[in-house]
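Remember, it's a predicted structure, so these values are computed and weren't measured experimentally. Every number for a ligand or one of its atoms is a count from 1 in the order of the listing. Excluded from the calculations below are hydrogen atoms, water molecules and symmetry mates; all remaining heavy atoms, backbone and side chain alike, are included.
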Amino acid sequence: MVLWKSGPEDRILENVLSGGRLTPAEALFLYDEGDFLKIQYAAREMRMRLNPPADVTYTMFRVVNYTNYCNVHCTFCSFMDEIGKGQGYVLSRDEVLTKMEEAVSLGARQMFLQGGVNPELPFDYYLDILRAVKERFGPDLHIRAFSPVELMNMETITGLSLGQVLETLKSAGLDSVPGAGAEILTERMRAILAPQKASVADWVRVMETCHEHGLPGSANIVFGSEETRAEVIEHLNVIRSLQDRTGGFFSFIPWTFQKQTKKFFVRNVTTPEYLKVLGITRLFLDNIRHIETSIMVLGPAVGGLALHSGADDISSIVLEENVLRSYGLKSEEKARELISENGFNPLRRTLNYQVDAPVRA
Ligand code: SF4
């Protein structure tokens with residue numbers, strides 16, 4: 001029973017809460033004209049049905065960016081360095097191990113390995129790191145690594161099929177993949193964001209193959225540039241269709257672009273717009289169980305509101321150099337406080353959404 005004054009979006013929201021599937025046209029109507037509070041209410045209701053109502057989860061992992069040399073030139077990226085200019089870096093296997101040593105000492109049992117697309121690195125470089133991390137920290141340390149564009153580079157440098165690349169990485173220790181590098185999955189926006197990056201078809205092909213080879217993960221959207229609202233919905237539809245075929249996404253995360261370069265336009269996404277998109281995401285992606293919000297990007301105030309607007313997870317306590325310096329050991333405690341202050345039980349989870357520790361408050 002929906003308890004609000006009748007409006008044009010009511011039939012759509014009632015249908016979704018009765019088990020119907022939101023169409024792209026309906027989702028776009030909600031984005032353009034839907035009442036924010038009604039969407040928020042419906043998304044929260046859906047979240048409560050799909051996940052334990054009292055719990056909110058978080059996880060902890062170390063990000064290791066193994067190189068910043070990259071030949072993709074995304075217009076929004078300030079991380080990459082030109083290959084051949086000698087100003088960037090490539091981490092050695094031992095440097096990666098040292099970074100993981102620090103994270104393990106802080107209680108993390110998961111690594112997120114990602115870097116620029118650097119064709120000068122041989123395939124063995126990646127295999128050595130995966131094997132060394134598993135050898136040092138044990139087979140239970142979870143390694144999530146490599147976005148579609150990095151995996152495509154491995155196809156090129158090895159001449160192997162993507163399936164063969166994935167099986168080799170798996171036997172070296174790869175456990176799951178991030179659905180990274182999606183940003184906005186429309187060809188028009190990809191021409192603006194990163195003309196040399198994976199096309200929509202490539203991104204879908206790589207993720208679908210990962211899922212088929214037992215490498216699940218997450219998916220995301222990054223919005224707040226020149227994309228149209230219809231393109232946001234088109235992106236969600238690409239993800240939902242892929243998930244219908246594979247079931248390989250544990251979660252979906254709506255992010256907003258952060259201003260990094262002068263070449264790329266970033267607009268101000270207001271809190272109501274972010275929460276509206278998050279709510280529509282919860283309602284549209286009926287086949288993805290978890291919706292994450294990122295307190296690292298959006299801050300604790302918006303993150304707290306998101307937990308009442310469709311999200312059931314605050315994403316990750318990301319341990320990396322800058323974060324270690326600014327948050328240190330208190331980061332997990334802060335995450336748990338934020339969840340508790342918003343009225344939920346904090347539960348620590350693994351990257352694959354298993355309960356990670358008996359930490360129910
Ligand atoms: S692929 Fe990654 S590292 Fe390379 S330019 Fe794009 S965002 Fe930056």
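At a threshold of 4.5 Å between non-hydrogen side-chain atoms, the residues Leu141 and Arg109 count as touching.
The protein heavy-atom contact nearest to atom 8 (Fe) of ligand 1 is Cys77 SG, 2.4 Å. Shortest contact from atom 6 (Fe) of ligand 1 to any protein heavy atom: Cys74 SG, 2.3 Å. Here the heavy atom of the protein found nearest to atom 4 (Fe) of ligand 1 is Cys70 SG, 2.3 Å.
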Walk me through it: do Glu150 and Tyr66 pass the test side chain to side chain donor-acceptor pair (under 3.5 Å)?
-> CA-CA 12 Å; Glu150 291 166 272; Tyr66 57 87; 2.5 Å; yes
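Numbered from 1 in the order shown, with element, the atoms of ligand 1 that lie under 4.0 Å from a heavy atom of His73 read 5 (S).
Between Glu292 and Arg349 there is a salt bridge, since at least one side-chain N of the basic residue sits less than 4.0 Å from a carboxylate O of the acidic one.
Without hydrogens or angle criteria, Lys134 side chain to Ala172 main chain gives no donor-acceptor distance under 3.5 Å.
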